[in-house]
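Contents: one structure, followed by commentary.
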There are 2 protein chains.
Amino acid sequence: MKDLEQYIQHYFDARAEDLSAIASAFSYKAIHKSDYLLKEGRICTQLSFIKQGLVRIYSTQNDKEVTQWISISGYFVTELSSFIFNTPARWNIQALTDCELYTIDKDQYEKLGLQIPEWHKLEKLFIAKCFIILEERVNSFLFMTAEERYNQLLSINPELFNQVPLQYLASMLGMTPETLSRLRKKAIG
Amino acid sequence: MKDLEQYIQHYFDARAEDLSAIASAFSYKAIHKSDYLLKEGRICTQLSFIKQGLVRIYSTQNDKEVTQWISISGYFVTELSSFIFNTPARWNIQALTDCELYTIDKDQYEKLGLQIPEWHKLEKLFIAKCFIILEERVNSFLFMTAEERYNQLLSINPELFNQVPLQYLASMLGMTPETLSRLRKKAIG
DNA sequence: GCGCAGAATTGATAAATATCAAGAATTTCA
DNA sequence: TGAAATTCTTGATATTTATCAATTCTGCGC
């Protein structure tokens, strides 16, 4: 679980002495392609670190299926609002490939608050970092065109374009698969 | 400061005994129309509750001025990422009208962590609520058209359309003033 | 009240993006 | 491996939204 500890340090800014306590509250879990980590309507009770693999967060409203986000290895995945507030999840989380995860359940997660004096502070910073990611996303819709969003994703995460069905990326970028296809053609020439 | 205490209770879910401690760390401040609460590039050191008035959060990139958000009375305003992580602000916050605020400075805010045992937990929940608002915003771009975003804002916050220059609302909704004007015409008939 | 400046609307047109339909490419899995 | 299913691309067209330019409207200082 070396990689997990490193990532916890990176994301939670935890002190060395707390690292192993936090990391050992996670347990290893392997899941298969197409398995669900979360289904719409349920309460999200898990936070998972993706050791290996890809997962997709998506939902359908009025016949429109939207991919909200693709999480890749080295990152956490959960539905934060459901996990924090115990509200019904609005998204499905499904494995796009076989995955290896380190997962923590909500009750274990809450116990960390009793064990680790700084826990709520760390948790606060974790959530604040998630906030910043979303803020960046809102900005991308306010400042950028579909084409610019495509170019940005391609430059930051080029590997996604080999590993993820393009229709999902299109949806995540707020455009149709046809538009994404044409932007790719245009960029490649 | 009755309204402030109520709002703190609502937003921070604070226990009654902590309410007054939190509320009294805020101080009253009146500002004039067009005054800045924050300028791009500075560190945001204040969190303000709007007792009365309206403020606009905006920024300019490549000649494009974007209004990110309008905050109204009864809500908090700050640049959360700058306030939490002491990073340079990416936005300006400017009063659209004369305003009455209750403001807390970062150092006072941090002292609350020493006084109130639950503080980091409350803070965590506050940030998580901000996260949910942003998530809602991302969804509005993924699921909805410009017209649907306009209709939604009109139904949730009709008073904004009297009080805020429409060009700012257009920008916040991710459209041009001309498009907003035409959507209004279409809706009214 | 008058005139000015900023804001909003309107019209004409262009550009971006979506939709629909068909065909090509790729993946899946029996 | 080969057939079926899914995904991707392409073309034709429609819709949405942006752009640019010209008025009109509105609020504000004098």
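Order of the sequence lines sets the chain letters (A, B, ...), proteins ahead of strands, with each chain counted from 1. What you are looking at is a predicted structure, and each value in this text was computed from that prediction instead of being measured.
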May I have the distance from [X] (atom [atom1]) to [N] (atom [atom2]), rounded to whole angstrom?
{"X": "Leu180(B)", "N": "dT10(C)", "atom1": "CG", "atom2": "C1'", "result": "14 Å"}
{"X": "Gln167(A)", "N": "dT7(D)", "atom1": "CD", "atom2": "C1'", "result": "6 Å"}
{"X": "Leu169(A)", "N": "dC8(D)", "atom1": "CG", "atom2": "C1'", "result": "13 Å"}
{"X": "Lys186(A)", "N": "dT9(D)", "atom1": "NZ", "atom2": "C1'", "result": "17 Å"}

### Message
Looking only at the side chains, is there a donor atom on one of Tyr58(A) and Gln68(A) sitting less than 3.5 Å from an acceptor on the other?
### Response
no
### Query
Ser73(B) side chain to Gln52(B) main-chain N or O, any donor-acceptor pair under 3.5 Å?
no
Just list the side-chain donor-acceptor pairs under 3.5 Å for residues 160-176 of chain B, sequence neighbours left out, or say none.
unit_1    : atom_1 : unit_2    : atom_2 : d
Ser171(B) : OG     : Thr67(B)  : N      : 2.7
Thr176(B) : OG1    : Thr179(B) : N      : 3.2
Thr176(B) : OG1    : Thr179(B) : OG1    : 3.0

#### Entry: Under 4.0 Å protein heavy-atom contacts per nucleotide of nucleotides 18-30 of chain C, with B for base, S for backbone only and - for none
SBB-------S--
### Message
Is there a path of hydrophobic side-chain contacts, each under 4.5 Å between heavy atoms, that joins Ile43(B) and Ile132(A)?
### Response
no
### Query
Residues from residues 56-63 of chain B sitting under 4.0 Å of DNA chain D, heavy atoms only?
none
### Message
Under 4.0 Å, heavy atom to any atom of DNA chain D: which of residues 156-165 of chain B qualify?
### Response
none
### Query
So, are Arg90(A) and Glu136(B) salt-bridged, with charged N and O less than 4.0 Å apart?
yes
#### Entry: Cationic N near anionic O, under 4.0 Å, Lys186(A) to Glu147(A)
yes
### Row check, Tyr36(A) ring normal vs Lys39(A) NZ/CZ: under 6.0 Å, within 45°
yes
### Query
Centre of Phe83(A)'s six-membered ring, under 6.0 Å away, within 45 degrees of the axis: is that where NZ or CZ of Lys106(A) sits?
yes
### Query
Under a 4.0 Å heavy-atom cut-off, which of residues 137-155 of chain A touch DNA chain C?
Thr145(A), Ala146(A)
#### Entry: Leu101(A) CG to Leu37(A) CG distance, which is reported to the nearest 0.5 Å
5.5 Å
### Task
For residues Asn92(A) and Ile57(A), determine if any side-chain heavy atom of one lies less than 4.5 Å from a side-chain heavy atom of the other.
no
### Query
Do the side chains of Ile93(B) and Thr78(B) get nearer than 4.5 Å, heavy atoms only?
no
### Task
Would you kindly compare Leu183(A) and Tyr168(B) by the position of their nearest DNA chain C nucleotide and give the one closer to the 5′ end?
Tyr168(B)
## Note on the structure
Closest to the side chain of Arg184(B), out of dT9(C), dT7(D), dA7(C), is dT9(C)
### Task
Verify the contact: side-chain N or O of Lys185(A) to OP1 or OP2 of dT9(D), cut-off strictly under 4.0 Å; return yes or no.
no
### Message
Below 30° counts as parallel, above 60° as perpendicular, anything between as tilted: where do the rings of Phe76(B) and Phe49(B) land?
### Response
perpendicular
### Residues that Arg56(B) engages under salt bridge (charged side-chain N to carboxylate O under 4.0 Å, His left out), provided they are two or more places apart
Glu65(B)
